[in-house]
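Everything on this sheet refers to the single structure shown next.
Below, read A as the first sequence line, B as the second, and so on, with proteins coming before strands; counting in each chain starts at 1.
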Amino acid sequence: MDFSAAHVSYVIAAYSISAVCVIGLFLYVLLRDRALAAKLKQNAEKDTL
Amino acid sequence: MQQFANPARFLKIANAALPYIWSITAILFAIGLYGALVTTPPDYQQGETVRIMYVHVPAAWLGLFIYCLMGFFSAVAFIYRHPLADAAAKTAAPLGAVFCFLALVTGSFWGKPMWGTWWAWGDARLTSMFILLLFYLGYMAVWSSIDEPTRAAAIARIVALVGVVNVFVVKFSVNWWNTLHQPASVIKMGGPSIDKSMLWALLTMAVAYTMLFLALHLVSMRSEIAARKLRQARLIEIGNR
Amino acid sequence: MLQQALALITRDIVLARKQGGGLGTAFGFILSVMVLIPLATGPDQILLSKLAPGMMWLALLLSVLLTADRMFQQDFEDGSLDIMAMGKLPFEIVTLAKTIAHWITVSLPLAIITPPLGLLMSLDISQLPILIVSMITGSLALSLLAAIGGAVTAGLRRGGLLVSLLVLPLYVPVLIFGVAASTASLGPSSSTPALIVLCAITLMSLIISPWACAAALKAYLR
């Protein structure tokens, strides 16, 4: 990749916004899953007590 | 079909498969990005800008594919009344909307240096993609505005099915509208005459994106099942009080 | 079955006439849009006459859309819909009858009154007949698609915004071919192809809409 080429900023912008959105989606989905799993576990412990 | 319909069995299969899917996704992204940014040559006409293709085309592909998948799951839910199919359709929608959005934004970053404008209404694909995003938003709005889950599921199925049929009509109409208003200034992008040296990187990226979606979708479905269990537990707790 | 359906249509028309409001308000809405557009774009006659058919269509479909969220709500709230669902008449026919009543009381009159208003926007007078024909053809599709939005939000307190988000994308094909049919008479091409496609879209909506409305309303009635 040639960083001195014309319009290279558009390429960088396109890749960065894709990265931001995909990583954001990844984190959102995983953190939500983890939070819900933790809650579910907590509930199960409460029931056994 | 029935094998996957049991939530417990689904969770077992998904949990077993997810580590493999994540690893394949990571490997494919490493290869695909290396290909997209390093080894593939710049286009003789578009120069380095052609590299936007490697993130634009997979996002657009997923935007369309996920919508069809949503329609398929909704049809399954409509016929078999199975809640897991509803969960699959529900969790696919936000993922599809994000990829659809990405396709639009990267398309516009590609359009600016190529066409000299951020947005060309003359390009039928951009216009139909925009309308597809609206369909996604409408579907998600149905889920969020109806409180009772089984009722929301029943309504969302219909909205998805009507939407799938209409997306094709919209696509046809926009294409037709485009030939009607073909402005001379808009450069038509070449068809699929992509050189082999670029094609392998594009395909790798497309498969990587698809695997990423698959992993995210399985995780979201797992969360959805957990959320349902929590809701039921809460309802029972309230009932016991 | 036909008799029952006709009775249902008559009932809805009578109800709409007794209550009033719907059509008048929608017409007022179109009038105010007709005033706002020249104020927004400036009084340039050539620009306005170019924009006129598209803007008329936009005003028509927005005004039909505004009446959509009340289409099934009243009958749902007072329980009439429950009784209709339990009757012998297939529920799809019930929703179709109510949609046709909506077309007769709202969309069709609007489609007939709107085109002459185009003269306010310096619409080419030779376009008037084809604009009326295409609007009448399209108005049935507008009612049918609005019914889907109305049925999907029948049980919601505030369905208005959701209706717009759901129905406006469905209106895209009607808008494209409606405007194309109305403007083709100016150019070298004929408006017949666009008009035929508009008919096809209307027929397709005629198949999808009753089914979708019935299924959505049943989800609320259960």
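Side-chain contact, C/Trp57 with C/Thr114: no donor N or O sits under 3.5 Å from an acceptor N or O. When only modelled atom types and interatomic distance are considered, B/Trp110 and B/Thr49 share no side-chain donor-acceptor pair under 3.5 Å. In this structure, a donor-acceptor pair under 3.5 Å is present between the side chains of C/Ser143 and C/Ser107.
Residue-level contacts of residues 140-152 of chain B with chain C, in order of numbering, are B/Ala141, B/Val142, B/Ser145, B/Ile146, B/Arg151; threshold 4.5 Å between heavy atoms.
For C/Phe177 and B/Trp177, the distance between ring centers is not under 6.0 angstrom. You'll find the ring centres of B/Trp61 and B/Phe99 outside the 6.0 Å limit.
Between the C/Gln4 side chain and the C/Leu89 main chain, no donor and acceptor come within less than 3.5 Å of each other. Looking only at distances, no side-chain donor or acceptor of B/Tyr67 sits under 3.5 Å from a matching main-chain atom of B/Cys100.
C/Ile148 touches chain B through its side chain: at least one heavy atom from C-beta onward sits under 4.5 Å away, while N, CA, C and O do not. Of the two parts of B/Val174, the backbone and the side chain both hold a non-hydrogen atom closer than 4.5 Å to a non-hydrogen atom of chain C. For B/Val159, the part lying near chain C is the side chain, with the backbone staying farther off; criterion is any non-hydrogen pair under 4.5 Å. Looking at B/Leu132, there are no atoms closer than 4.5 Å to chain C (heavy atoms on both sides), in backbone or side chain. Residue contact with chain B, scored on non-hydrogen atoms closer than 4.5 Å, involves the backbone and the side chain of C/Val152 alike. Of the two parts of C/Val197, only the side chain, counted from C-beta on, holds a non-hydrogen atom closer than 4.5 Å to a non-hydrogen atom of chain B.
For the pair C/Asp75 and C/Lys98, the salt-bridge criterion is met [side-chain N within less than 4.0 Å of a carboxylate O].
The stretch residues 138-162 of chain C participates, sequence neighbours left out, in no ring pair (Phe, Tyr, Trp, His ring centres under 6.0 Å) pair at all.
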